[in-house]
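When reading the values below, keep in mind they use all heavy atoms of this one structure, side chains included, and skip hydrogens, waters and symmetry mates. Lettering follows sequence order; numbering is per chain, from 1.
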Protein chains: 2
Amino acid sequence: MAKRAEAEKEPSRAPRRTDSLSRELIVRTAIELLDDGGEKALTLRALTVRLRTGYGAIYHHVTDKGDLLTAATDDIITRVLAEVVPDTDPRQALRRVAVGLFDAIDAHPWVGAGLSREPWRPAMLNFYESIGRLLEALAVPERARFDAAGTLVNYVLGVAAQNAANARDRAGDDTDKAAFLENAAARWAELDPARYPFVHAAVTQLREHDDRKQFLAGIDIFLTGITALRPPTTAPDTAPGTAPQHPTPNR
Amino acid sequence: MAKRAEAEKEPSRAPRRTDSLSRELIVRTAIELLDDGGEKALTLRALTVRLRTGYGAIYHHVTDKGDLLTAATDDIITRVLAEVVPDTDPRQALRRVAVGLFDAIDAHPWVGAGLSREPWRPAMLNFYESIGRLLEALAVPERARFDAAGTLVNYVLGVAAQNAANARDRAGDDTDKAAFLENAAARWAELDPARYPFVHAAVTQLREHDDRKQFLAGIDIFLTGITALRPPTTAPDTAPGTAPQHPTPNR
DNA sequence: CACCACTTTGGATCGCCGATCCATCCATGC
DNA sequence: GCATGGATGGATCGGCGATCCAAAGTGGTG
């Protein structure tokens, strides 16, 4: 609750800060820069300018630029996962978790690249853990659960990477998402229909394309595929919550 | 022996020295550098050294470093897609295409990042096109085909991004893939089993983890889900659980 | 209150990168 | 021949991440 150095115009070159720097403040500022100008807007120089400090002060709290990026990504992800509302239906809960991550990456496209870079970070472990438990609730047998969780994570990361790439390309021109799609559709429409019948025919759907809806369609495809992994038990199946056993292998 | 090879179709624009620089040679050398030392080994300086030339000569054939990376990626992908053997069974053919891309990215991990960066490149169009046709052969209705193809592509890209990240992290220490997995497993094993039951239990499977097998398991999950998109013509209603009726709100 | 060891800060500096610019060189057309 | 213009090699620029160090504050000790 100290006085925030929000005053901008003051050219007085403070010999030293009065309120101390902290790793958290640095990470928060880094997130601002990233949200404002994309992944390449986060430079040490920009950080020193916005924080009115020097390189040494920053490197005293942060080991690396990669460390900074990772911390920013962790911050976003943990916040998102904490906000996901639980649901009794595991299928719906899985959708919630996935779409929560999707929305977060849509709002902060740089997170996509960060997630792909280090998918084993603590923040992602919570993601894995949530998915794993929900798969168990869906009666996916344990041996298949690991593969299924990895598949879902990979799918989300793939969409994230595409979103991040699209957003990066849209940066610069402030054209809308629709204009970008229109541009892509126009390019695709120019293709030779004989050589590319599918892509050419897809132009119509591309024009009314909705990233989020397509993402959800993919999630539903995945969920349908997952359901088939349930063991063909002799008992009347399709009863939710009938996890037959709980091996809990010690180690 | 004169090195006059590569009969050019345009003699009027013959380069000064046929054995001299060309865009193709530059791209090939770039691929060598990338395969040898990873993504960050491709520097203009390294290129000038290996090609025994200067910056200007390179920039005369290549507009940008991004252009160079894109060209290298396109080169790998087109070569891979050309080598995929066709198959009469569309399901098997889809697996072939996907696993061909997987193997290529496994051999050249830097391709993963390149693919995610610009997924609409001509090389990827062929990928989309192949998948689209095979989905048609699978009797996926046209409206759902586009989403299904996007889902598959996103999944492959997600795996690609992860592979690239893992390979990038392994670079530096020449430890084997197994050692890397062992390291990750050890870290995961230290987790609190109460807070992370799923991840903790997954350690066993992580130790005997096989990227390729898990990738194929994911492909099968998606293929199973996609197959369910077929209109219920003759088959009995498979009733994929509590999946919504897919109301398809027209606009 | 005086002293000093230690922490935190600010900025000069280094090496490397991508990109640009320009003088030179040489195959070819006149 | 010889001028022309594309192709070439390298000097150079601005910006980046990272390192290093002196100055400025902080707290403990007598």
Side-chain angles (χ1 to χ4, degrees), chain A residues 2-5 10-27 29-30 33-34 37-72 110 113-114 117 168 172, chain B residues 2-27 29-30 33-34 37-72 110 113-114 117 168 172:
Chain A
K3 41 195 95 167
R4 294 285 288 275
E10 197 55 44
S12 75
R13 211 185 115 202
R16 198 184 165 100
R17 305 178 61 87
T18 55
D19 56 343
S20 63
L21 221 50
S22 72
R23 181 181 168 96
E24 193 214 342
L25 175 61
I26 294 176
V27 170
T29 310
L33 286 172
L34 286 165
E39 200 168 353
K40 69 176 293 142
L42 175 60
T43 68
L44 269 292
R45 180 134 183 85
L47 262 184
T48 60
V49 169
R50 192 171 284 215
L51 285 172
R52 282 187 180 71
T53 179
Y55 300 98
I58 292 176
Y59 271 90
H60 186 264
H61 295 275
V62 162
T63 72
D64 213 290
K65 194 198 175 182
D67 179 34
L68 191 54
L69 244 162
T70 303
W110 50 271
R117 192 165 303 131
R168 198 182 311 130
Chain B
K3 291 217 158 171
R4 256 170 97 65
E6 320 284 334
E8 296 287 64
K9 26 191 157 170
E10 287 191 353
S12 64
R13 270 204 81 187
R16 197 160 78 209
R17 299 192 318 240
T18 40
D19 65 331
S20 185
L21 225 46
S22 72
R23 181 181 168 95
E24 192 214 340
L25 175 61
I26 293 176
V27 170
T29 310
L33 285 173
L34 287 165
E39 201 168 352
K40 68 177 294 144
L42 175 60
T43 69
L44 270 293
R45 181 133 182 84
L47 262 183
T48 61
V49 169
R50 190 172 286 214
L51 284 172
R52 267 181 273 279
T53 181
Y55 300 98
I58 292 176
Y59 270 91
H60 187 264
H61 296 275
V62 163
T63 71
D64 215 282
K65 195 198 174 181
D67 178 35
L68 192 54
L69 246 163
T70 303
W110 49 271
R117 193 166 303 132
R168 195 183 312 131

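The CD1 atom of B:Ile26 sits 11 Å away from the C1' atom of D:dA7 (whole-angstrom rounding). Atom CZ of B:Arg23 and atom P of D:dG6 are 19 Å apart (whole Å). Distance CD1 (A:Ile58) to P (C:dT7): 21 Å, rounded to an integer number of Å. The nearest whole Å value for the distance from the CG atom in A:Leu25 to the P atom in C:dT8 is 15 Å. Put simply, CG on B:Leu47 is 12 Å from P on C:dC17, counting in whole angstrom units. Atom C1' of nucleotide C:dC17 and atom CG of B:Leu33 are separated by 15 Å, given to the nearest angstrom.
Between A:His60 and A:Gly54, it is A:His60 whose nearest contact on DNA chain C lies nearer the 5' terminus.
Across all their heavy atoms, B:Val27 and B:Ala71 have their closest contact at CG2-CB, 3.8 Å. Listed here is the closest heavy atom pair of B:Leu34 and B:Leu69: CD1-CD2, 4.4 Å. Heavy atoms only, all atoms of each residue included: A:Leu47 and A:Leu68 are closest at CD1-CD2, 3.4 Å.
Among residues two or more places apart in sequence or in another chain, the side-chain contact (heavy atoms from CB on, under 4.5 Å) test is passed with B:Asp67 by B:Arg23, B:Val62, B:Thr63, B:Asp64. Applying the side-chain contact (heavy atoms from CB on, under 4.5 Å) criterion to A:Ala46, with sequence neighbours excluded, gives A:Leu33, A:Thr43.
For residues 41-51 of chain B, the set of pairs meeting the salt bridge (Lys or Arg N to Asp or Glu O under 4.0 Å) definition, not counting sequence neighbours, comprises B:Glu32-B:Arg50.
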Pairs: protein N or O with nucleotides 18-21 of chain C N or O, under 3.5 Å:
unit_1 : atom_1 : unit_2  : atom_2 : d
C:dG18 : OP1    : B:Leu42 : O      : 3.4
C:dG18 : OP1    : B:Lys65 : NZ     : 2.7
C:dG18 : OP2    : B:Leu44 : N      : 2.8
C:dA19 : OP1    : B:Asp64 : OD1    : 3.1
C:dA19 : OP2    : B:Tyr59 : OH     : 2.6
C:dA19 : OP2    : B:Lys65 : N      : 3.1
C:dA19 : O5'    : B:Tyr59 : OH     : 3.2

